[in-house]
Amino acid sequence: MNDLPDWLPAWCLRRLGSEPEGVLFRLQQTSMVFGLRLAGGADVVVKARADGGRAASCVTAQARLAERGFPCARPLTPVTEVGSLAVHAEEFRPGGEVLTGDSPEVAVRCAEMFAGLMAELAEVSVEPPLPSPRWARWDHGGAGTWPAIPYLDEQDQSRVPVHVVETAERARRRILAAGLPRVLGHADFEAQNLRWRDGRLWTVHDWDSLAWQPEAALVGAASGAFASSGQPTLAPVASSAAFLEAYQEARGRAFTGVELEVAWAASLWTASHNARYEALYGQRPVSGDAVATQAAERLRRAGA
């Protein structure tokens with residue numbers, strides 16, 4: 001309790017009617033996430049993040065899906081400003097297991113769930129949550145390959161292998177050249193953000209990572225990232241192919257040739273972004289090794 005931010009107890013009292021009396025968990029990645037037990041006995045999750053105007057759209061979309069019965073936590077408050085932070089609370093939805101593995105069979109299960117998620121989001125109308133998360137921001141307006149992210153840009157860029165930068169640039173050019181229309185979608189569909197119970201999807205987490213990008217690009221990114229249960233990885237080519245095929249079947253619509261190429265390009269751009277991050281911070285090159293091994297085939301399939 002002593003480690004909680006000074007603003008948090010008063011915020012809970014004002015917005016939720018009770019101050020916290022216990023901490024269930026605390027996480028800090030892109031956002032600060034606090035699992036709290038309130039004095040009244042309720043368990044809640046409070047999320048706080050620096051925001052460029054995206055949070056309100058993300059939470060609104062999450063709320064509408066929860067109302068429709070989609071497996072996700074129900075927001076308990078709208079987004080409020082606390083200094084430079086965007087803060088909201090949602091119900092605590094524990095339980096379920098992470099589905100691990102990167103086989104085509106796992107890919108098919110995840111693709112079917114992603115198709116259902118995208119179908120639900122197609123019924124939601126919100127202001128586009130822009131800009132998209134950095135790992136899906138291939139449409140940034142800057143001159144270089146990567147979006148402007150100060151804490152990444154201030155690192156020594158010479159650590160990033162040349163082939164990673166070149167791969168990302170080729171993938172990015174292919175995505176942008178297609179000019180496909182944009183839709184609302186989940187841009188961080190990774191194993192670590194999903195929980196399963198009795199063979200069924202129990203909860204989808206990380207609604208902060210909604211994006212406004214072409215459907216094919218979002219599906220392609222998911223086809224590469226679905227197996228990430230820790231440090232982000234890139235699934236095998238065969239598994240991404242199974243994901244793309246299963247998604248199209250579940251949605252009842254075949255992608256055009258251009259859409260398929262964009263999907264393959266997006267899978268590689270996200271992996272290249274993750275490989276850059278690994279190199280800048282001296283992490284084990286999980287995505288980096290996968291990009292080195294798979295880039296040629298994925299670029300071929302992308303027509304890039």
Side-chain angles (χ1 to χ4, degrees), residues 15-16 27 29-35 44-82 85-93 96 110-140 147 180-196 200-223 225-226 247 250-251 253 266 270:
R15 297 292 174 176
L16 299 169
L27 301 172
Q29 296 177 337
T30 305
S31 303
M32 293 185 291
V33 184
F34 306 93
V44 302
V45 175
V46 177
K47 296 184 175 182
R49 85 288 282 160
D51 180 47
R54 293 173 32 82
S57 292
C58 292
V59 171
T60 298
Q62 179 183 350
R64 291 179 182 168
L65 261 63
E67 291 169 359
R68 294 165 62 92
F70 188 84
C72 62
R74 178 175 59 88
L76 301 174
T77 72
V79 174
T80 64
E81 293 184 1
V82 179
L85 298 174
V87 183
H88 84 281
E90 61 188 41
E91 66 179 355
F92 182 42
R93 191 177 170 93
C110 292
E112 291 170 347
M113 294 302 101
F114 193 63
L117 189 162
M118 293 293 288
E120 290 287 344
L121 285 174
E123 302 298 319
V124 173
S125 178
V126 294
E127 285 294 319
L130 296 172
S132 293
R134 55 180 170 78
W135 53 88
R137 203 180 304 169
W138 45 73
D139 58 345
H140 67 86
L180 295 176
R182 302 184 187 193
V183 301
L184 184 65
H186 199 296
D188 206 16
F189 194 77
E190 299 182 340
Q192 59 195 348
N193 290 327
L194 311 176
R195 295 295 183 273
W196 302 76
R200 302 183 65 181
L201 189 63
W202 168 244
T203 308
V204 176
H205 294 293
D206 196 15
W207 294 91
D208 297 354
S209 294
L210 291 182
W212 184 248
Q213 293 289 12
E215 179 185 10
L218 292 165
V219 177
S223 79
F226 75 87
Y247 179 89
R251 289 285 272 151
R253 181 181 76 84
T270 295

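We count residues from 1, following the sequence as given. Everything quoted here is computed from the prediction, not taken from an experiment.
Scanning all heavy atoms of the two residues, the minimum distance from C110 to F189 falls at O-CE2, 3.4 Å. Residues R137 and P147 approach most closely at CD-CB, 3.8 Å, considering heavy atoms.
Although no hydrogens or angles enter the test, the distance criterion places a donor-acceptor pair under 3.5 Å between the side chain of Q213 and the main chain of A136.
Ring geometry for H186 against W207 counts as perpendicular: the plane angle is over 60°, on a 0 to 90° scale with 30° as the lower cut.
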- [ ] Could you walk me through whether V44 and F92 pass the side-chain contact (heavy atoms from CB on, under 4.5 Å) test, one step at a time?
- [x] CA-CA 5 Å; V44 302; F92 182 42; 5.7 Å; no

Open item on the list: Please determine whether side-chain contact (heavy atoms from CB on, under 4.5 Å) holds for the pair M113 and V204, giving the CA-CA distance in whole Å, both sets of side-chain angles, and the decisive distance to 0.1 Å.
Closed with: CA-CA 10 Å; M113 294 302 101; V204 176; over 6 Å; no

- [ ] Could you walk me through whether H88 and R49 pass side-chain contact (heavy atoms from CB on, under 4.5 Å), step by step?
- [x] CA-CA 9 Å; H88 84 281; R49 85 288 282 160; 3.3 Å; yes

- [ ] Could you walk me through whether F226 and L194 pass the side-chain contact (heavy atoms from CB on, under 4.5 Å) test, one step at a time?
- [x] CA-CA 10 Å; F226 75 87; L194 311 176; over 6 Å; no

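Within the structure, the side chain to side chain donor-acceptor pair (under 3.5 Å) test picks out the following pairs touching residues 51-66 (sequence neighbours left out): Q62-E90.
Residues T203 and R93 bring a donor and an acceptor atom of their side chains to less than 3.5 Å of each other.
One finds the NZ atom of K47 at 13.0 Å from the CE atom of M32 (value rounded to the nearest 0.5 Å). Here the SG atom belonging to C72 is positioned 13.0 Å from the CG atom belonging to N193, to the nearest 0.5 angstrom. We find the CG-NE2 distance between D188 and H205 to be 12.5 Å, quoted to the nearest 0.5 Å.
More than 12 heavy atoms of other residues, nucleotides or ligands sit less than 6.0 Å from atom CD of E91.
In this view, A63 and P75 satisfy the side-chain contact (heavy atoms from CB on, under 4.5 Å) rule, not counting sequence neighbours. Among residues two or more places apart in sequence or in another chain, the side-chain contact (heavy atoms from CB on, under 4.5 Å) test is passed with E120 by L65, R68, F70.
When the options L184, V124, L218 are evaluated for a side chain to side chain contact (heavy atoms under 4.5 Å, CB included) with L210, the one that passes is L184.
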